[in-house]
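The structure appears below as structure tokens.
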Amino acid sequence: MRFPTPDPTAYAKLILVSLGTLAVLQYVGLFRERSGEVDVVFLVVVGLVMPIMIYAISVAGANSELVPDWDEMTQ
């Protein structure tokens with residue numbers, strides 16, 4: 001089983017941009033009935049779960065035999 005070694009700064013940027021986008025969308029009122037509020041607990045939970053899930057997906061991709069052949073299969 002192969003474990004990828006990701007760049008921590010790239011993951012941090014991805015997570016910060018995602019959390020910032022979610023915070024703005026919450027503040028505007030897309031996810032809630034009232035605008036002007038941000039659910040901090042939701043953002044903390046997403047900030048903790050997102051790196052784990054991204055790493056799990058990258059481990060699955062590193063150990064999958066179909067991913068390197070995907071370009072050949074789709075042409």
Side-chain angles (χ1 to χ4, degrees):
M1 183 171 207
R2 292 178 287 190
F3 294 101
T5 54
D7 182 22
T9 57
Y11 274 143
K13 280 191 228 179
L14 174 69
I15 292 165
L16 288 176
V17 168
S18 300
L19 290 178
T21 303
L22 284 174
V24 168
L25 291 175
Q26 281 183 357
Y27 186 77
V28 184
L30 187 66
F31 296 135
R32 295 177 132 328
E33 293 178 8
R34 297 185 317 209
S35 62
E37 294 180 357
V38 177
D39 187 6
V40 179
V41 175
F42 173 75
L43 293 175
V44 169
V45 170
V46 169
L48 293 174
V49 171
M50 187 181 283
I52 297 167
M53 295 308 297
I54 290 173
Y55 188 72
I57 291 170
S58 64
V59 167
N63 291 301
S64 176
E65 298 295 327
L66 293 176
V67 174
D69 298 331
W70 183 253
D71 290 333
E72 296 172 6
M73 290 174 22
T74 56
Q75 290 181 3

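Counting begins at 1 with the first residue of the sequence.
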Donor-acceptor contacts, no H, no angles, side chain residues 48-58, under 3.5 Å, sequence neighbours left out:
| residue | atom | partner | partner atom | Å |
| --- | --- | --- | --- | --- |
| Y55 | OH | P4 | O | 3.3 |
| S58 | OG | I54 | O | 3.4 |
| S58 | OG | Y55 | O | 2.8 |

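Each salt bridge (charged side-chain N to carboxylate O under 4.0 Å, His left out) pair with one or both residues in residues 8-26, not counting sequence neighbours, would appear here, but there are none. Applying the salt bridge (charged side-chain N to carboxylate O under 4.0 Å, His left out) rule to pairs touching residues 14-23 yields nothing, sequence neighbours excluded. Note on residues 37-59: pairs passing salt bridge (charged side-chain N to carboxylate O under 4.0 Å, His left out), not counting sequence neighbours, are R34-E37.
Criterion: ILVMFWY side-chain heavy atoms under 4.5 Å apart, direct or through other members. Under it, L25 and Y27 are part of a common hydrophobic cluster.
Partners of T21 according to the side-chain hydrogen bond (donor to acceptor under 3.5 Å, both in side chains) rule, which considers only residues two or more places apart in sequence or in another chain, do not exist here. Take A23 and apply the side chain to side chain contact (heavy atoms under 4.5 Å, CB included) test, not counting sequence neighbours, and it matches V38, L43. Applying the side chain to side chain contact (heavy atoms under 4.5 Å, CB included) criterion to V28, with sequence neighbours excluded, gives V24.
Put simply, CG on L19 and CG on L14 are 9.0 Å apart, with the number rounded to the nearest 0.5 Å.
Within 6.0 Å of atom OH in Y11, more than 12 heavy atoms from other residues, nucleotides or ligands are found, so the atom counts as buried in its surroundings.
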